[in-house]
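Because only heavy atoms are used, hydrogens play no part in the values below, and waters and symmetry mates are left out as well, while side chains stay in.
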Amino acid sequence: MAVYAKSNPAETIEEHNRKLLENYEKLKKFLDREKIQKYDEIIKKILYYHDLGKLNHKFQNKLGLSSKVIIQELKGFDEIPHEWLSIAFLSKEDKRYFHTFSTDGVFFADLVQYCIAFHHSRTKPFDKKALEMTIRHDLEKNKYKLGISYPLNSDYDINKDIKQKIESQTNFKNYFELLVFLKGILHKCDYTASADIEPEKNYDGNYELAFNNWVSQQGWQLKPFQHEAKRLRDKNVILIAATGSGKTEYSMNWINGEKAFYLLGLKTAVNEMYRRFKDIFGNNVSLLHGEISYMLENNEADESYIERIETARKFCAPITIATADQLVPAVFKYNGFELPYLTASYSKIVVDEIQSFSPDSIAAIMVFLSEIHRVGGKFLLMTATLPPFIKDELKGFQDIEFPEQELPPTKRHKIAVYNEYIHNDSSLTLIEKEFQAGKKVLIVCNTVKRAQEMHEVLLDLSPLLIHSRFILQDRRKKESNKFGIMAINDPTHPPAIWIATQVVEASLDLDFDVLFTECSPIDSLLQRFGRCWRKRNKEYEDNEPNIYIFKTEHTRVYDRELLDRTYSLLFADYNGRIMDETTKQNAIVMVFKDIEKTKYYEKYRRNKELLELGLKASSRVEAEDLFRNIFFNYCVIPRPVYEKNEREITALLKDIDSKNVEKMQRIQAKSKLKEFTAPVQIFNHPKCLSPVADSEYCRRNNIMIMNDVTYSYEKGLELTDKEGEGVLVL
């Protein structure tokens, strides 16, 4: 008799399990061959048993695909999650077979049961009596529908008998690799079967040919260090190279058509990198970050785009460009962390510009790299500015290469350091002077508030402003190659002033004539340097500086001690000097000297030790928040934007929350809704937030209306009262 696993479309447990087995067979070629040979039968049994608990009548009633059943003995009892009931179906013969794989500490059977019982995340308390009654009065009487005749087991406690045993610190550590392998395969096969997609998509075409053709079309010759990436394709690599030297092309040569994730810290940088990879490798490239649904480009608004979204979400694309918070939070070991770790075990991971992360996040990245290295993954960490203590730790990894630093002798930056603030009258005079001389001027501020103030005082010069406090539709225009900040690279572009925040620091291929910047820690500051005089074929020989550095107030954004060290060093030792790439690396060493004595390092060390000891998050959402170091994270619609577009927003929410709307239409509605939002980081519970209508989607995704603000295309979202002091926009 039919027992269903899913509705819409209807799918029986047998049909669902068959899909899982088919996906497992396709996945095998990516996995460790020795482990597959050893655990093949075990894996098949895990896949077979994982959903059998869906036989229970309450689950079947919920699907509404067959006549409703009422069991009098179970009235008053809550529904037991199907995965907890699935354990009851494990036969004595199978358990004896599992025991043959026993090792010291934990019976292998407990590990198998753990994989099944926790392939979903449940927070409700475990009710042992309800479980026993459901097995006795429901599953035992209906097991024949699944072709099962042996007695079911009802004498087990999910927490005591399974969870506590496996998640004890010693056992979790000892079984880590095996847990990732077995449970990761279950997650991978289950999720992809449910999404009706391939577990992995093979690269379509010839990767190396596409790369070489693109290089040729640009009229480039690969540099010696970029050629060297080919020799190191099977190694873990730490690449330190100057901004603008071609690290991205190095990574492309290192990836070599294998499955890869390219991780960055900022959505702006991720979106730009996605465009660069997609121009070369086409639909082999997917984009993955917290706002993936809005990336419906004009030529991608069809059903194939749904598949690419689902493929990226389940980590199945050949090349995925992502924010690090989509992969690295697995270090917090939330239930389900095994999927990203399993995928990483046969992937190449590129981490670009590690200095753009907080010390908390750098600690998580380091533990993540260590653990994916342990399960078989390969990584390439590349940056222009690697803190020396990170380099020293990485030297302790096995099978890791440190290519000779690519530090060209070209002199691109002459600096001037001022003992005044960037909004001082004399600095404004300098900015106007450079603009009137026909220069393309970049101004980088440490906070959105300061950037908006600079925009106001320079209004007569028609400056342009970019930061993260713009709603999405405006942010995209400001990032665009045609009308936004990227257009500055066109040689025919007229003189202009762009004011920005940290959003321009990493992986934006910008080339301004002159930079005015507030001081920031040395690694961040040198990234800003890289947006000036980036693509010139000659050295900078002007007597006047092209980098102007100003002191700044302390904020939440940067570590106070690193900021003070940087400013003091540059003011005392480098003022008025040319800084070549070797000089810049020497400055990094000086700023990070004796770093072990700083609060910055103490924060890094403490977080790294907690993760290595097994700090766990209760959910993926909590893990992402821990990684981002965010207390409350919201996606807001500024009140003026909401009022102007209320009718359209209401209609979009109606489509999103409706169960009768086609999937493509819902995705398009989510995409359009995101156009009106901006991300904010909130450190308290401000009264300025209110719900968006009566939308379940907005509640689930922390989308709120932000009151007491103004909004304009020119300046973005601005706070208008003291409540805003608790808000820091990313």
N/O donor-acceptor pair under 3.5 Å between H413 side chain and F529 backbone:
yes
Can you list everything that forms a salt bridge (Lys or Arg N to Asp or Glu O under 4.0 Å) with E596? Sequence neighbours excluded, please.
none
Can you confirm whether the side chains of E371 and Y341 place a donor and an acceptor under 3.5 Å from each other?
yes
Report the C-alpha separation of K183 and N335 in whole Å, then their side-chain angles, then the decisive distance to 0.1 Å, and conclude whether the side chain to side chain donor-acceptor pair (under 3.5 Å) test is met.
CA-CA 10 Å; K183 193 161 178 276; N335 187 31; 2.6 Å; yes
Between T583 and D580, is there a side-chain donor-acceptor contact under 3.5 Å, judged purely by atom types and distance?
yes
Given 3.5 Å as the limit, does a donor-acceptor pair link the side chain of T566 with the main chain of L562, or not?
yes
Has the side chain of K411 got a donor or acceptor atom that lies under 3.5 Å from a matching backbone atom of I578?
no
Taking the side chain from K223 and the backbone from S245, do they hold a donor-acceptor pair closer than 3.5 Å?
yes
Salt bridge flag under 4.0 Å for residues K378 and D234
no
Mark yes or no: K188 above the aromatic ring of F30, with NZ or CZ under 6.0 Å from the six-membered ring centre and no more than 45 degrees from the axis.
no
Pair K597 + E561: basic N to acidic O under 4.0 Å
no
Does a side chain donor of either D325 or T323 reach within less than 3.5 Å of an acceptor in the other side chain?
yes
Can you confirm whether the side chains of N283 and K201 place a donor and an acceptor under 3.5 Å from each other?
no
Taking the side chain as C-beta and beyond, is there a heavy-atom pair between V375 and Y346 under 4.5 Å?
no
Does the distance from a Lys or Arg side-chain N to an Asp or Glu carboxylate O, for E539 and K414, drop under 4.0 Å?
no
When you check the side-chain N and O atoms of E505 and S524, is any donor under 3.5 Å from an acceptor?
yes
Residues which pass side chain to side chain contact (heavy atoms under 4.5 Å, CB included) with D40, listed by chain and number, not counting sequence neighbours
Y24, K28, I36, K44
Does this structure show an ion pair linking R275 with E272, if we count only N-O contacts that are shorter than 4.0 Å?
yes
W254 side chain to K235 main-chain N or O, any donor-acceptor pair under 3.5 Å?
yes
Please check if the side chain of K333 supplies one atom and the backbone of V331 the other of a donor-acceptor pair under 3.5 Å.
yes
Using the test side chain to side chain contact (heavy atoms under 4.5 Å, CB included), find all partners of K38 that sit at least two apart in sequence or belong to another chain.
F101
Taking the side chain from N236 and the backbone from D399, do they hold a donor-acceptor pair closer than 3.5 Å?
yes
K29 bridged to E200 by N-O distance under 4.0 Å:
no
Quick check: are there more than 12 heavy atoms from other residues, nucleotides or ligands sitting under 6.0 Å from CD of Q218?
yes
Between the main-chain N or O of N446 and the side-chain N or O of E518, is there a donor-acceptor pair closer than 3.5 Å?
yes
Judged by atom type as modelled, is there a donor-acceptor pair below 3.5 Å linking the side chain of K247 to the main-chain atoms of E353?
no
Check this for me: does any side-chain nitrogen of one of E393 and K608 sit under 4.0 Å from a carboxylate oxygen of the other?
yes
Here's a test for you: under side-chain contact (heavy atoms from CB on, under 4.5 Å), which of I185, L178, D32 qualifies with Y39?
L178
Check R606 with E609, please: is the shortest side-chain N to carboxylate O separation under 4.0 Å?
no
Are F337 and F332, when compared by the centres of their aromatic rings, separated by less than 6.0 Å?
no
Would you mind checking if D513 and R536 are paired as a salt bridge, meaning a charged N to carboxylate O distance below 4.0 Å?
yes
Side-chain donor/acceptor of S216 to backbone N/O of N213, under 3.5 Å:
no
Side chain to side chain, I522 and T385, heavy atoms closer than 4.5 Å:
no
